[in-house]
There are 2 protein chains.
Amino acid sequence: MSYEQALTALADPTRRAVFERLRAGPQPVGELARHLPISRPAVSQHLKVLKDAGLVTDHAEGTRRIYHIDPHGLGALRRWLDQFWDTALDAFAAEAERTADNP
Amino acid sequence: MSYEQALTALADPTRRAVFERLRAGPQPVGELARHLPISRPAVSQHLKVLKDAGLVTDHAEGTRRIYHIDPHGLGALRRWLDQFWDTALDAFAAEAERTADNP
DNA sequence: ACTTACCGTAAGTCATGTCTTACGAACAAG
DNA sequence: CTTGTTCGTAAGACATGACTTACGGTAAGT
């Protein structure tokens, strides 16, 4: 739910691959693991981290659990990034102007 | 320069603290280290990672090096996130509609 | 009821990365 | 030219985390 968790969750390449695979739509765990070079339990562990970070959600469907992207975590990350982006640009513009004053 | 590097760079809490300290404006390494619970070489190593990710830039000023935020890395991260955000919302809306069709 | 499929968790191994201290280089001042 | 800052890099210790195999639990099918 916090942007810190989202950042640490999306840092790992394999976990990012799991996450990006969900862009194609909701998928069960086995389907995800079949197209990845890691074991199925590893996928489950990654999904747990992504879930705790608010990046994915799951619901049961028979014996399988369907995972899909949760906008909450993405939103938190986006808000932080936008806020950072604004202040960074302001500082950048101010610094450019200050440098122009003292050539 | 790539969003992958930006994500892995911003994942570490200490490195994120270094990065966020630069929001206040350009600062030399020693100034950053003075307000952080780690040694000065550690700060240098973090700055190297941030620099390779395109998140900061530096320029010499006498014997010290002034670091400031570089919009490039932030921009790459933002583009990826926005693109992801759009497709995620589309998939979310489509899934909601599909679920509404099959109650 | 029994079997099969699908999944999460626990325990253990192993690699990755973060921190420290020690050292050397570049620049300013005296 | 010597001294004092400021900083980056190298080497090593240490913690964190990612992966595997093994196990138990739940639901569907026969």
Side-chain angles (χ1 to χ4, degrees), chain A residues 2-22 24-70 73 102, chain B residues 2-22 24-70 73 102:
Chain A
S2 65
Y3 74 95
E4 290 98 339
Q5 282 179 313
L7 281 174
T8 57
L10 293 175
D12 184 69
T14 314
R15 192 157 47 223
R16 206 164 44 224
V18 172
F19 186 60
E20 294 187 348
R21 273 219 161 259
L22 290 176
Q27 296 179 31
V29 180
E31 182 69 19
L32 289 167
R34 192 169 303 118
H35 300 282
L36 291 170
I38 55 176
S39 68
R40 184 196 51 76
V43 176
S44 277
Q45 293 168 1
H46 283 304
L47 286 171
K48 176 178 176 56
V49 176
L50 291 171
K51 186 178 177 182
D52 289 345
L55 290 167
V56 301
T57 319
D58 62 334
H59 66 96
E61 196 160 299
T63 72
R64 358 184 225 194
R65 318 213 98 237
I66 313 295
Y67 281 83
H68 58 90
I69 291 184
D70 184 4
N102 291 10
Chain B
S2 64
Y3 74 96
E4 290 99 337
Q5 281 178 314
L7 281 173
T8 57
L10 292 174
D12 183 70
T14 314
R15 191 157 47 223
R16 207 164 44 224
V18 173
F19 185 60
E20 293 187 347
R21 273 218 160 261
L22 290 175
Q27 295 179 32
V29 180
E31 182 69 20
L32 289 167
R34 192 169 303 116
H35 300 283
L36 290 171
I38 56 175
S39 68
R40 183 196 51 76
V43 175
S44 277
Q45 293 167 1
H46 282 305
L47 286 171
K48 176 178 175 56
V49 176
L50 291 171
K51 186 178 176 183
D52 289 345
L55 289 166
V56 301
T57 320
D58 61 334
H59 68 94
E61 196 161 298
T63 74
R64 357 183 228 196
R65 318 212 98 239
I66 312 297
Y67 281 84
H68 59 89
I69 292 184
D70 183 5
N102 291 11

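Both backbone and side-chain heavy atoms feed into the values below; hydrogens, waters and symmetry mates do not. Quantities reported herein were computed from a predicted structural model and do not represent experimental measurements. To find a chain, count down the sequence lines: A is the first, B the second, and so on, and within it residues start at 1.
- A/Arg40 comes within contact range of at least one nucleobase, with a heavy-atom separation under 4.0 Å.
- Expressed to the nearest 0.5 Å, how far CD1 of A/Ile66 lies from CD of A/Gln27 amounts to 9.0 Å.
- Atom CD1 of A/Ile66 is separated from atom P of C/dC6 by 11 Å (rounded to the nearest Å).
- Note: CZ (A/Arg15) to C1' (D/dA18) measures 8 Å, nearest angstrom.
- Counting to the nearest Å, the P atom of C/dC27 and the CZ atom of B/Arg65 are 10 Å from each other.
- Between the side chain of B/Gln45 and the base of C/dT20, a donor-acceptor pair under 3.5 Å is found.
- Here C/dG8 is the nucleotide among C/dT18, C/dG8, D/dC7 with the atom lying nearest to any side-chain atom of A/Ser44.
- The separation between A/Arg16 atom CZ and D/dA18 atom C1' is 14 Å, rounded to whole Å.
- If you take CG of B/Leu7 and C1' of C/dG17, they are 17 Å apart, rounded to a whole angstrom.
- The A/Ile38 side chain lies nearest to D/dC19 when the options are D/dC19, D/dT6, C/dG8.
- When the nearest nucleotides of DNA chain D are assigned to A/Asp12 and A/Gly62 by heavy-atom distance, the more 5′-ward of the two goes with A/Asp12.
- B/Leu36 has its CG atom 11 Å from the P atom of C/dT20, to the nearest Å.
- Atom-to-atom, CG of A/Leu32 to P of D/dC19 comes out at 14 Å; the value is rounded to the nearest Å.
- Here the CZ-CD distance, from A/Arg64 to A/Glu61, works out to 7.0 Å after rounding to the nearest 0.5 Å.
- Closest to the side chain of A/Thr63, out of D/dA18, C/dC6, C/dT20, is C/dC6.
- Of the options B/Thr57, B/Val18, B/Asp58, a side-chain contact (heavy atoms from CB on, under 4.5 Å) to B/Tyr67 is made by B/Asp58 and by none of the others.
- If you check every strand for non-hydrogen atoms under 4.0 Å, B/Pro28 touches sugar and phosphate atoms only.
- Relative to the side chain of B/Pro41, the nucleotides D/dA27, C/dA22, C/dC27 differ in distance, and C/dA22 lies closest.
- With rounding to the nearest 0.5 Å, the separation of CD in A/Glu4 from CG in B/Leu10 is 11.5 Å.
- Side-chain atoms of A/Lys48 lie closest to C/dT9 of the nucleotides C/dT9, C/dT18, C/dT20.
- No option in B/Leu47, B/Ile69, B/Thr14, B/Leu32 other than B/Ile69 meets the side-chain contact (heavy atoms from CB on, under 4.5 Å) test with B/Phe19.
- In this structure, A/Glu61 places its CD atom 11 Å from P of D/dA28, rounding to the nearest Å.
- The side chain of A/Ser39 approaches D/dT21 more closely than any other nucleotide in the set D/dT6, D/dT21, D/dA27.
- Contact annotation: B/Tyr67 side-chain N/O to D/dT6 OP1/OP2 distance is not under 4.0 Å.
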